[in-house]
> 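After the structure tokens below, expect a handful of questions from me.
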There are 2 protein chains.
Amino acid sequence: MIDIKHFLRQNSLRPTKQRVIIANYLFDGVNKHVTAETLSNKLLKMKAGISLATIYNTLHDFYEKGLLKKLMINSERIYFDTNTEHHHHFYSKKDQKLIDINVDMKVSGLPKPPKNKKIKKIEVLVHLDN
Amino acid sequence: MIDIKHFLRQNSLRPTKQRVIIANYLFDGVNKHVTAETLSNKLLKMKAGISLATIYNTLHDFYEKGLLKKLMINSERIYFDTNTEHHHHFYSKKDQKLIDINVDMKVSGLPKPPKNKKIKKIEVLVHLDN
DNA sequence: TATCAGTTTAGAACGATTCTAATGTATTGA
DNA sequence: TCAATACATTAGAATCGTTCTAAACTGATA
Ligand SMILES: [Mn+2]
Ligand SMILES: [Mn+2]
Ligand SMILES: [Zn+2]
Ligand SMILES: [Zn+2]
């Protein structure tokens, strides 16, 4: 707990009760992909009475400090990823689950980007059938 | 125009005035990426008074007949793609624009999918900086 | 411990999309 | 040809994830 408080302070975030609970859950060493809804459900199970507004605020605050990555996989909700390294994903639409691909993948045969545009990042999404 | 009517009938779609206008625009030979909103704006410019409800209905009808592909690039709107071949994209967030990558790209170093899961398709999205 | 900037919260607002149900139209078979 | 009918269009309401608002609260600082 003291670690998390330090961690939050180091990232210019006040270690409030709610942030400590959320950070303890998100940054427990196991990478996670959450939406506001899945996080809210998890926190409900943990009997942490944190409002949805705070959950949205906190996810964005963490995102702005670079502690989370935002993933636009699905047009109906935003996923946040605790793995902030550049990586790729398996995605099961059926399960609404993401799985990290940390292996060094290489994309070959990429054409040149259009004039005056630079490539920022290449994202590979591997859709799973079932 | 007669071609489009045939085309719609061949796809079990009644060639109504609105569908003919929209299909003529979408399937004019130039691949397009549209959202309900961009399509609506385009139709407004063409003085075609087609309601938003019809635009949504038509995009979904065309999608269900396999005439359009749905792209989940951005969590705030759905893109429909007239290029129904398997292909990849450059994406400029700033311009909100997609550009097809039809070249044969190869992804190497892909790990095996999780147990009991099969790869359905690999999607590469190349984010552009500006 | 008072102060105050930053935080939490309920609920309103928002925006893309979907739904509803009334009206309109393409199709078809007599 | 032209009703009958099935399907399509539409305005506006509803939905749902997310963001905003503004009032109450709390952590940090002196
Ligand atoms: Mn969510
Ligand atoms: Mn749209
Ligand atoms: Zn990930
Ligand atoms: Zn495309």
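All chains are named by letter (A, B, ...) in the order of the sequence lines, taking the proteins before the strands, and each is independently numbered beginning at 1.
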> Rounded to the nearest Å, what distance is computed from the CZ atom of residue Arg9(A) to the C1' atom of nucleotide dA5(C)?
16 Å
> Determine all donor-acceptor pairs shorter than 3.5 Å in which one atom belongs to a side chain in residues 44-53 of chain B; sequence neighbours excluded.
{"unit_1": "Ser51(B)", "atom_1": "OG", "unit_2": "Thr54(B)", "atom_2": "N", "d": "3.1"}
{"unit_1": "Ser51(B)", "atom_1": "OG", "unit_2": "Thr54(B)", "atom_2": "OG1", "d": "3.1"}

> Could you tell me which residues satisfy side chain to side chain contact (heavy atoms under 4.5 Å, CB included) with Lys93(B), sequence neighbours excluded, listed by chain and number?
Tyr91(B), Gln96(B)
> Please enumerate all protein N or O atoms sitting under 3.5 Å from an N or O of nucleotides 1-4 of chain C, with distances to 0.1 Å.
none

> Nearest to the side chain of Thr16(B), which nucleotide is it out of dT7(C), dT9(D), dT17(C)?
dT9(D)
> Give the rounded distance in Å between these two atoms: CD1 of Ile21(A) and P of dG27(D).
12 Å
> May I ask you to say what Asp61(B) touches in the nucleic acid, namely base, sugar-phosphate or nothing, with a heavy-atom cut-off under 4.0 Å?
nothing
> Could you tell me which residues satisfy ring pair (Phe, Tyr, Trp, His ring centres under 6.0 Å) with Phe90(B), sequence neighbours excluded, listed by chain and number?
none
> Is it true that His88(A) and Asp100(A) share a donor-acceptor pair across their side chains at a distance under 3.5 Å?
no
> Just jot down the side chain to side chain contact (heavy atoms under 4.5 Å, CB included) partners of Lys69(B), sequence neighbours excluded, or say none.
Asp81(B), His87(B)
> Ignoring backbone atoms, test whether Tyr56(A) places a side-chain nitrogen or oxygen under 4.0 Å from the OP1 or OP2 oxygen of dT18(D).
yes
> Residues two or more places apart in sequence or in another chain: which of them pass side chain to side chain contact (heavy atoms under 4.5 Å, CB included) with Lys94(A)?
Ser92(A)
> In whole angstrom, give the distance that lies between atom CZ of Arg19(B) and atom P of dA8(D).
4 Å
> My understanding is that only residues two or more places apart in sequence, or in another chain, count here; which of them pass ring pair (Phe, Tyr, Trp, His ring centres under 6.0 Å) with Phe62(B)?
Phe27(B)
> Got a sec? Which of residues 40-55 of chain B come in under 4.0 Å of DNA chain D, heavy atoms?
Gly49(B), Ile50(B), Ser51(B), Ala53(B), Thr54(B)
> Does Gln18(B) put a side-chain nitrogen or oxygen below 4.0 Å from OP1 or OP2 of dG24(C)?
no
> Run the ring pair (Phe, Tyr, Trp, His ring centres under 6.0 Å) test against Phe80(A) and tell me which residues pass, sequence neighbours left out.
His60(A)
> If you assign Asn57(B) and Asn57(A) each to the DNA chain C nucleotide with the nearest heavy atom, which residue ends up on the more 5' nucleotide?
Asn57(A)
